[in-house]
*Asks:* 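Input: one structure, supplied below.
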Protein chains: 2
Amino acid sequence: MYNNQRNLMSEKVSSRKQQVRAEDVARHAGVSRVSVSRTFTPGASVSDATRAKVLKSAEILGYRVNRLASSLNRSESGIVALVAAEIDTPHRAAMIAELSERLQAAGKVTMLINTSGYEERVKDALLQAISFRTEAAIILSGAPDPSLADTCFSNGMKLVLINREEDFPGSLQIGPDNRAAGKTALKALLRAGCKRIALANSANATWSIVERQKGFLAAAEDAGVDVLCEVDGFTSYQAGLELGTALLDREDRPDGIFCTTDLIACGVIDAARQRFGLRTPDDLSVIGFDNIQQAEWEGYDLTTFAQPTDQIIDKCLEWCTTEQPSSETVKLPAKFVWRNSVQKARVPMK
Amino acid sequence: MYNNQRNLMSEKVSSRKQQVRAEDVARHAGVSRVSVSRTFTPGASVSDATRAKVLKSAEILGYRVNRLASSLNRSESGIVALVAAEIDTPHRAAMIAELSERLQAAGKVTMLINTSGYEERVKDALLQAISFRTEAAIILSGAPDPSLADTCFSNGMKLVLINREEDFPGSLQIGPDNRAAGKTALKALLRAGCKRIALANSANATWSIVERQKGFLAAAEDAGVDVLCEVDGFTSYQAGLELGTALLDREDRPDGIFCTTDLIACGVIDAARQRFGLRTPDDLSVIGFDNIQQAEWEGYDLTTFAQPTDQIIDKCLEWCTTEQPSSETVKLPAKFVWRNSVQKARVPMK
DNA sequence: CTGATTATTGTACACGTTTGCATCTCCATA
DNA sequence: TATGGAGATGCAAACGTGTACAATAATCAG
């Protein structure tokens, strides 16, 4: 017969939360406990009769397979950790929305770990992920110590770094081709006939954002044009306001600005409009990066680069679901999105 | 002696992921397995000597307590589910950022479940949460069937509904006082001297958004003023553009518009500026709701209502961490944030 | 030095699953 | 009818932990 006694040794039964177990369903349906398990395991062998009985009893009792126990047994948690800071930033939020959506569609469960604040928290985040035997950790901001990464690997966890390209063996490093985008931005400003070109960047920029700046400056050097560099503040709209104000306040006011981020670009445009009465693209050409939702708002209509989000996620999922993925670095082209913040080409193409 | 043999019955050892267990650490440190467990259990009794040995060995071997197993045993997962749709929407993103942050600080782990798309997905989300024995589910959008909620309760899960106030026993229902806010909005427009007052709302609005509309209209009725209602589209910036265009295109163009959402308000302001050459607050007064980041962008400078996010989250956490919380409905005042999208008071206060 | 108290360690069981193997039933084929 | 084979079911062993209880070692009061 079934052993119905729970908590044999513990007197205070009430302290434990009573859950509906497979055994309860089994007893209710008059079948064995394994039959219940098999009913909920795809591909397992159960007769239609017992399956029906089990499903009915499960429905009545409100039974759900305990995935903690199941994960423990099969050593596959189905959980993927998303590690990110400043989640409420437009581009980041979009990325997380898309990622969680796609992970879900792939049958995975997303664990969100917010690392705003100290950089140190990436470490804690990964430790937490390891504790929960996460199948993979997708890091959207920051990067872990190599030693910590090894701990991840030794626990069978996969590591994806988005927007990082440092040397990181064993992981997938993926992101847009920031340098190329910077280059394209410069060409576009030149073709628009801009004479005094500037760059607006945050002083606390991420690696990938600095890359954009480098690409832009390198292209400028190649073309033999001087670039006015204004670098200050955080990667935010407010910083854009300040940067824009500083730039437009100069005697030699620039007529074309590459902003390393859409948020900064929005700030620059607003500075131009609200504080100097200048309009894009007539008085000033502005290019951003990220293609956040606000970029297509009518007040900005910002020419920018679209992050290759879909492709990044495609690759992410594919890489995470292969058995023994090998270290890989993927750089995807960022699509140039023409809107109306850049003067129409005055200089014909060569 | 220790039993080092794993997978006694399974030949293909390699198929299972090899993990570092407490037993491995115990063997390495020359102590018993329970000592390892005790080392990582706060308040357990271990001598400093063994604790030190255990910690050292754990460090070397890269051991982390398996929280799946631990949760299973103690029937406390430490996981809280966040159920939300349209995560990349400014207000939603901010809410999630703050919630995940605070949950983390409280030692909880957040599981993000994206329910964009069908409404049906709230059900799937909760079923998933139950499977993982989530301690609580915080629902930011949508609401579950009562029967499903019962299943949640019977599995010891707590339920929080944010921005819902339907009759839902056993759960915490919390959100801003939308009606009162609508009322305040009307008063503010009247005091600004607006003569032709309008309301712009989405046709697919949530319950709480509809409440704002109701509060506004009720107050208008009380004051004996007519309100022009434009209701169409989704709750988005684009809808705001359309709504604004439709309103401002009328013969009897309104001079004061309450938008049930900041996103809509931004759209309305842009419609006014970009399509009609009208400026706030001189030609048009606009009030929004949510106090999203864009509301304080210089291009909008939007007078709006701040969601009582902090208080909501405070209450959430407090409620979720009490043993047997009783059903509760909490309505918190939304703070009116004065910026510069509403004409300065022309009508003196009575 | 003895008995009592306390701090530490060990033993064994439970948490709720999945799965290899063995058993059993049933039906078709030779 | 005997022989296989397929399909369903049961048994028992894991997965990696926490904890009540017992046993042992250490400390202390008298």
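Order of the sequence lines sets the chain letters (A, B, ...), proteins ahead of strands, with each chain counted from 1. Note that this is a predicted model, so its numbers are computed, not measured.
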*Asks:* Below the 4.0 Å mark, does D:dG10 have OP1 or OP2 next to a side-chain nitrogen or oxygen of A:Ser35?
*Replies:* yes
*Asks:* CZ of B:Arg74 versus P of C:dG16: gap in Å, rounded?
*Replies:* 15 Å
*Asks:* Tell me which nucleotide among D:dG16, C:dT17, D:dG18 gets nearest to the side chain of A:Ala69.
*Replies:* C:dT17
*Asks:* In whole Å, what is the span from the CG atom of A:Leu72 to the C1' atom of C:dG16?
*Replies:* 9 Å
*Asks:* Please evaluate residues B:Thr206 and B:Asn163 with respect to the criterion side-chain contact (heavy atoms from CB on, under 4.5 Å), reporting the C-alpha separation (whole Å), side-chain torsions for both, the decisive distance (0.1 Å), and the verdict.
*Replies:* CA-CA 9 Å; B:Thr206 357; B:Asn163 268 336; over 6 Å; no
*Asks:* May I have the distance from B:Glu76 (atom CD) to C:dG16 (atom C1'), rounded to whole angstrom?
*Replies:* 17 Å
*Asks:* What nucleotide, of D:dA14, C:dG10, C:dA14, holds the atom closest to the side chain of A:Asn73?
*Replies:* D:dA14
*Asks:* Atom CD of B:Glu23 to atom C1' of C:dT11: distance rounded to whole Å?
*Replies:* 14 Å
*Asks:* Measure the distance from CZ on B:Phe132 to P on C:dG16 and round it to the nearest whole Å.
*Replies:* 17 Å
*Asks:* Does a nitrogen or oxygen in the side chain of B:Ser37 sit under 4.0 Å from OP1 or OP2 of D:dT17?
*Replies:* no
*Asks:* Does B:Arg33 get its side chain close enough to the base of D:dG18, under 3.5 Å, for a donor-acceptor pair?
*Replies:* yes
*Asks:* For B:Gln128, does the CD atom have more than 12 heavy-atom neighbours from other residues, nucleotides or ligands under 6.0 Å away?
*Replies:* yes
*Asks:* Nearest whole angstrom, please: distance from the P of D:dT17 to the CG of A:Asn66.
*Replies:* 17 Å
*Asks:* Within residues 44-53 of chain A, find the residues that approach DNA chain D with a heavy atom at under 4.0 Å, and present them sorted by residue number.
*Replies:* A:Ser45, A:Val46, A:Ser47, A:Thr50
*Asks:* Any side-chain hydrogen bond (donor to acceptor under 3.5 Å, both in side chains) pairs touching residues 51-67 of chain B, not counting sequence neighbours?
*Replies:* B:His28-B:Ser57
*Asks:* Which atoms form the tightest heavy-atom contact between B:Arg133 and A:Val65, and what is the distance?
*Replies:* NH1-O, 4.0 Å
*Asks:* Identify each donor-acceptor pair in which a side-chain atom of residues 103-113 of chain B lies under 3.5 Å from a protein atom, sequence neighbours left out, and give them as a table.
*Replies:*
{"from": "B:Gln104", "atom 1": "OE1", "to": "A:Asn114", "atom 2": "N", "distance (Å)": "2.9"}
{"from": "B:Gln104", "atom 1": "NE2", "to": "A:Asn114", "atom 2": "O", "distance (Å)": "2.9"}
{"from": "B:Lys108", "atom 1": "NZ", "to": "B:Glu135", "atom 2": "OE1", "distance (Å)": "2.9"}
{"from": "B:Thr110", "atom 1": "OG1", "to": "A:Leu112", "atom 2": "O", "distance (Å)": "3.3"}

*Asks:* Determine to 10° how strongly the helix from C:dC1-D:dG30 to C:dA30-D:dT1 is bent, judged from the axes of its five-pair ends.
*Replies:* 40°
*Asks:* Kindly write out the residues that satisfy salt bridge (charged side-chain N to carboxylate O under 4.0 Å, His left out) with B:Arg92, not counting sequence neighbours, or none if the list is empty.
*Replies:* none
*Asks:* How about A:Lys123: does its NZ atom have over 12 heavy atoms from other parts shown lying under 6.0 Å from it?
*Replies:* no
*Asks:* Taking atom CG of A:Leu332 and atom CG of A:Asp310, what is their separation to the nearest 0.5 Å?
*Replies:* 11.0 Å
*Asks:* How long is the line joining CZ of A:Arg67 and P of C:dT18, in whole Å?
*Replies:* 10 Å
*Asks:* Could you note down all residue pairs passing salt bridge (charged side-chain N to carboxylate O under 4.0 Å, His left out) where residues 95-107 of chain B supplies at least one of them, sequence neighbours left out?
*Replies:* A:Arg121-B:Glu101, B:Arg102-B:Asp314
*Asks:* For A:Ile174 and A:Val160, what are the C-alpha separation, side-chain angles and deciding distance, and is it a side-chain contact (heavy atoms from CB on, under 4.5 Å)?
*Replies:* CA-CA 8 Å; A:Ile174 191 166; A:Val160 176; 4.3 Å; yes
*Asks:* Let's see if you can work this out: which of C:dG20, D:dT17, C:dT17 has an atom nearest to the side-chain heavy atoms of A:Arg38?
*Replies:* C:dG20
*Asks:* Without decimals, in angstroms, what is the distance between B:Leu68 CG and C:dG16 C1'?
*Replies:* 13 Å
*Asks:* Indicate, with a heavy-atom threshold strictly under 4.0 Å, whether A:Tyr63 touches base, sugar-phosphate, or nothing.
*Replies:* sugar-phosphate
